[in-house]
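Below is a structure I'd like to ask you about.
Indexing begins at 1, ligand by ligand and atom by atom, following the structure's order.
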Amino acid sequence: MELNICHLYPDLLNVYGDMGNILILKHRAEQRNINVNIVNVSLGDTFKKDDYDIVFFGGGQDYEQSIVSEDLIKNKKDALKEYIEDGKVFLSICGGYQLLGKYYTTPTGEKLDGLDILDIYTEAGNTRFIGNTVIYNPKFKETYVGFENHSGRTYIGKNLEPLGEVKAGYGNNGEDGYEGCIYKNTFCTYFHGSLLSKNPELADRLLCTALENKYKTFKFPELDNSLEIKAKEFIIKRETKKQG
Ligand code: GLN
């Protein structure tokens, strides 16, 4: 078996080692004898939706986001929309998450158009939300930990599920108690580099969904996640204690 992962704008949107998420997907796939190819797609490139099984879109600064916003709309919008609507696997972090929505207004008031695929919008606040985060997803009965750093406040529409309910940290906007969002097989979050390293359940959910889409039946043996879970539990304990 083989999975093709597309990394969108690795040269522009890759803060806090967001790319580590791809390395984790690759490692966890290879442990199961699944071959992984990684393809970089950036400015001026077209996006060929049938070439990929998983797409990864990282976060970044407002300036880089403004360049990416223009290129997305000019060169990739329709194909990305079809890819997401087809139920293929997409993981989007922070700045990438914001650009899947209607718009992102930066702290200087610049309005960056998004792809308008997800019913979300983002407006910058006066402060940045920075720190470790803990969220709980009641449907999957899973807790995810991560690190957030964003000025954007994101509001998600009623047809979207959040990735989780905030137990520690700020999440989408610091008000409604939600973090990230899920639409079909598109998973969005403000969690940076550590997302999949400390949340192996989520990494396997992405891999399994991509394999189901491609092969229907497949073997997917369990891996030893004890170190990852230990790291996660340490953060849950520390961060929820801080909250009182
Ligand atoms: N520039 C965006 C914000 O501050 C996204 C930041 C990021 O990707 N870390 O909200």
Problem - Contact (N/O only, under 3.5 Å) between Q65 and ligand 1 - result: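 N/O-N/O distance under 3.5 Å: yes.
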Problem - Over 12 non-hydrogen atoms of neighbours within 6.0 angstrom of CD in E85 - result: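 Enclosed: over 12 neighbouring heavy atoms sit under 6.0 Å from CD of E85.
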Exercise for the section: For N149, counting its heavy atoms only, list the atoms of ligand 1 lying under 4.0 Å from any of them. Expected result: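 In order of number, 6 (C), 7 (C), 9 (N).
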Practice task
Identify which one of L160, L163, I156 satisfies the side-chain contact (heavy atoms from CB on, under 4.5 Å) criterion when paired with I182.
Solution key: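 Per the side-chain contact (heavy atoms from CB on, under 4.5 Å) rule, the option paired with I182 is L163, out of L160, L163, I156.
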Practice task
Examine the proximity of ligand 1 to Y16 and report which part, side chain or backbone, both or neither, has a heavy atom under 4.0 Å away.
Solution key: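 Y16 to ligand 1: no contact under 4.0 Å from either part.
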Problem - Pair F147 + Y16: ring centers closer than 6.0 Å - result: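 Yes; Y16 has its ring centre under 6.0 Å from that of F147.
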Problem - Cluster companions of Y170 among Ile, Leu, Val, Met, Phe, Trp, Tyr (side-chain spacing under 4.5 Å) - result: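 Once heavy-atom contacts under 4.5 Å are chained together, Y170 belongs with F129.
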Practice task
Look only at interatomic distance and state if Q98 has a nitrogen or oxygen under 3.5 Å from any nitrogen or oxygen of ligand 1.
Solution key: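 N/O-N/O distance under 3.5 Å: yes.
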Practice task
Verify the neighbour count for atom CD of E175: are there more than 12 heavy atoms of other residues, nucleotides or ligands below 6.0 Å?
Solution key: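 Counting other residues, nucleotides and ligands, CD of E175 exceeds 12 neighbours.
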Handout entry: Nearest atoms (heavy-atom pairs only) where I73 meets G114
Key =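 That closest heavy-atom pairing would be CD1-O, 3.8 Å.
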Exercise for the section: Pick one of side chain, backbone, both or neither for how T122 approaches ligand 1, counting any non-hydrogen atom pair under 4.0 Å. Expected result: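 For T122, no heavy atom sits under 4.0 Å from ligand 1.
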Problem - Output field: ring centroids Y52/Y83 closer than 6.0 Å - result: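 Ring-ring flag for Y52/Y83: false, centres at least 6.0 Å apart.
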Handout entry: Per-atom contacts of ligand 1 with R128, taking only distances under 4.0 Å to non-hydrogen atoms
Key =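 Near R128, the atoms of ligand 1 are 4 (O).
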Practice task
Can you pull out the closest protein heavy atom to atom 1 (N) of ligand 1? Residue, atom name and distance to 0.1 Å, please.
Solution key: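 Atom 1 (N) of ligand 1 sits closest to the protein heavy atom D62 OD1, 2.5 Å.
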Exercise for the section: Please go through Y121's hydrophobic cluster and name the other residues, only I, L, V, M, F, W, Y counting, with side-chain heavy atoms under 4.5 Å joining them. Expected result: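 Cluster partners of Y121: Y103, Y155.
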Practice task
Could you pull out, from G60, G152, G96, the option with a heavy atom nearest to atom 5 (C) of ligand 1?
Solution key: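 Heavy atom nearest to atom 5 (C) of ligand 1 belongs to G60.
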Practice task
Check whether any heavy atom of Y97 sits under 4.0 Å from an atom of ligand 1.
Solution key: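 False for this residue.
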Exercise for the section: Determine, using heavy atoms of E148 and all atoms of ligand 1, whether some pair is separated by less than 4.0 Å. Expected result: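 No.
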Exercise for the section: Say whether C94, considering both its backbone and side-chain N or O atoms, lies within less than 3.5 Å of an N or O atom on ligand 1. Expected result: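 No, C94 has no N/O under 3.5 Å of an N/O on ligand 1.
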Handout entry: Ligand-side contact atoms (ligand 1) for residue partner G59, heavy atom cut-off under 4.0 Å
Key =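 Every atom of ligand 1 under 4.0 Å from some heavy atom of G59: 8 (O).
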